[in-house]
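Remember, it's 1-based here, ligands and their atoms both numbered in the order they're listed. Scope of the values below: all heavy atoms of this structure, side chains included, with no hydrogens, waters or symmetry mates.
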Amino acid sequence: MSSQSMTNQQGQINIILRDRKEQLAEKAAANPAAKTKADPFRIIDDHLDSFIGMSRLREKIKEIYAQVLIKEKRKQAGLNTESQVLHMMFKGNPGTGKTTVARALASIYYDMNLLSKGHFIEADRSDLVGEYIGHTAQKTKDLIKKSLGGVLFIDEAYSLARGGEKDFGKEAVDTIVKCMEDHHNEFILILAGYPKEMARFLSLNPGLKSRFPITLEFPDYSPGELLEIAIDMVAMKDYKLSNEAQWKLKHHFQQLLQRSPYNFSNGRYVRNIIEDAIRKHAIRMIHSSSHNKEALMTLEAKDIIFEEGWG
Ligand SMILES: Nc1ncnc2c1ncn2[C@@H]1O[C@H](COP(=O)(O)OP(=O)(O)OP(=O)(O)O)[C@@H](O)[C@H]1O
Ligand SMILES: [Mg+2]
């Protein structure tokens, strides 16, 4: 669902909620050609429509997609084509959607026939690094074997460089690089992490940078986007936010971003607030005598409580 603000004659602002499905249907009706004539980016839009914002990111994914398709056509026409490396780096602060987008990309690439299975495996340091010499290489190889045909997403990739030269993390990095060569194009590796730490990690492992030609940046969300994320999240659960609840949230996001923009977990923070509000609403409903559908659905401003230290 998305919202639209309108000022009425009394100067009050109303927020009009519109169902997302309704909007998509309207969009399709306004552009009937999109339905009849195959839209080349349909696969991507279908998978990414539910995400708020991310306009630059969508464009970048479309560029990659176009490049893959055109490369194939050029190959068919006998033109010179280089093989395409699709491994990627994701850089963004906490909660900016890195894991969620990586998961969607696994499905997109599967639909594009670039991956044979399209499954998604999320791993961190503990899944790769072992406890004795040789253990790490085996663990890493096993994980990559499981990922073949899909996406292997390594979160906080820089934690592999944590202990310096003597650390087994280095063995994991070396094994990853070797497997990328042995299993060229059989899986897609995504290394993710916070921007500053990723930059440092790459500067310590110069060989890695060229193996990840695509970098996607995940910017922090604006207060308006955070509110839209909240509206969508509650709609997915068959709840809605009263107008007052929406104002309270937006005002809070504005204040929080002014105060501590570097300490903020974006979409994850929104999810925590919403989950908490749903619990508060349940308590309120238990004490209420009115259990009509509207009341059971509506999260009021009083259900939204911001705890100190959240962010
Ligand atoms: N653009 C978006 N639209 C809708 N929901 C979003 C969006 N971005 C993030 N979210 C929601 O925010 C939450 C956190 O997203 P996600 O786990 O993908 O972030 P992350 O970047 O992987 O975070 P971390 O770095 O902490 O692992 C999820 O519940 C996700 O659904
Ligand atoms: Mg994540």
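Atom numbering of ligand 1 starts at 1 in the shown order; those under 4.0 Å from a heavy atom of P94 are 23 (O), 25 (O), 26 (O). For ligand 1 and D155, the ligand atoms under 4.0 Å from any heavy atom of the residue are 27 (O). Counting the atoms of ligand 1 from 1 in the order shown, those under 4.0 Å from a heavy atom of G267 are 12 (O), 13 (C). For ligand 1 and M233, the ligand atoms under 4.0 Å from any heavy atom of the residue are 11 (C), 29 (O). Under a 4.0 Å criterion applied to the non-hydrogen atoms of Y194, ligand 1 contributes the atoms 25 (O), 26 (O).
Residues meeting the side-chain contact (heavy atoms from CB on, under 4.5 Å) test with A102, sequence neighbours left out: F90, F120, F153, I190. With sequence neighbours left out, the side-chain contact (heavy atoms from CB on, under 4.5 Å) criterion links E131 to H135.
Contact analysis leaves D232 out of contact with ligand 1, as no non-hydrogen atom separation drops below 4.0 angstrom. Taking 4.0 Å as the cut-off, F90 does not count as a neighbour of ligand 1 on heavy-atom distance.
The option from A104, G95, G193, S265 that lies nearest to atom 9 (C) of ligand 1, judged by heavy atoms, is G95. Relative to atom 18 (O) of ligand 1, the option among T100, N93, D124 with the closest non-hydrogen atom is T100.
Between I305 and K280 there is a side-chain heavy-atom pair separated by less than 4.5 Å.
When the shell of 6.0 Å around CZ of F212 is examined, it contains more than 12 heavy atoms from other residues, nucleotides or ligands.
Of all protein heavy atoms, the one closest to atom 14 (C) of ligand 1 is R268 N, 3.7 Å.
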Self-check item: Derivation and outcome, salt bridge (charged side-chain N to carboxylate O under 4.0 Å, His left out), residues D142 and K146
Solution: CA-CA 6 Å; D142 287 348; K146 268 199 233 157; over 6 Å; no

Can you give each donor-acceptor pair under 3.5 Å made by side-chain atoms of residues 289-298, sequence neighbours left out, with the distance rounded to 0.1 Å?
| unit_1 | atom_1 | unit_2 | atom_2 | d |
| --- | --- | --- | --- | --- |
| H291 | NE2 | M285 | O | 2.6 |
| H291 | NE2 | S288 | O | 3.3 |
| N292 | OD1 | E294 | N | 3.2 |
| N292 | OD1 | A295 | N | 2.7 |
| E294 | OE1 | K240 | NZ | 3.3 |
| E294 | OE2 | K240 | NZ | 2.8 |
| T298 | OG1 | E294 | O | 2.6 |

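Using cut-offs of 30° and 60° on the angle between ring planes, the pair F187 and H87 is tilted.
Atoms OG and CG, on S50 and D232 in that order, are 7.5 Å from each other to the nearest 0.5 Å.
Protein N/O/S atoms closer than 2.8 Å to the Mg ion (ligand 2): T99 OG1.
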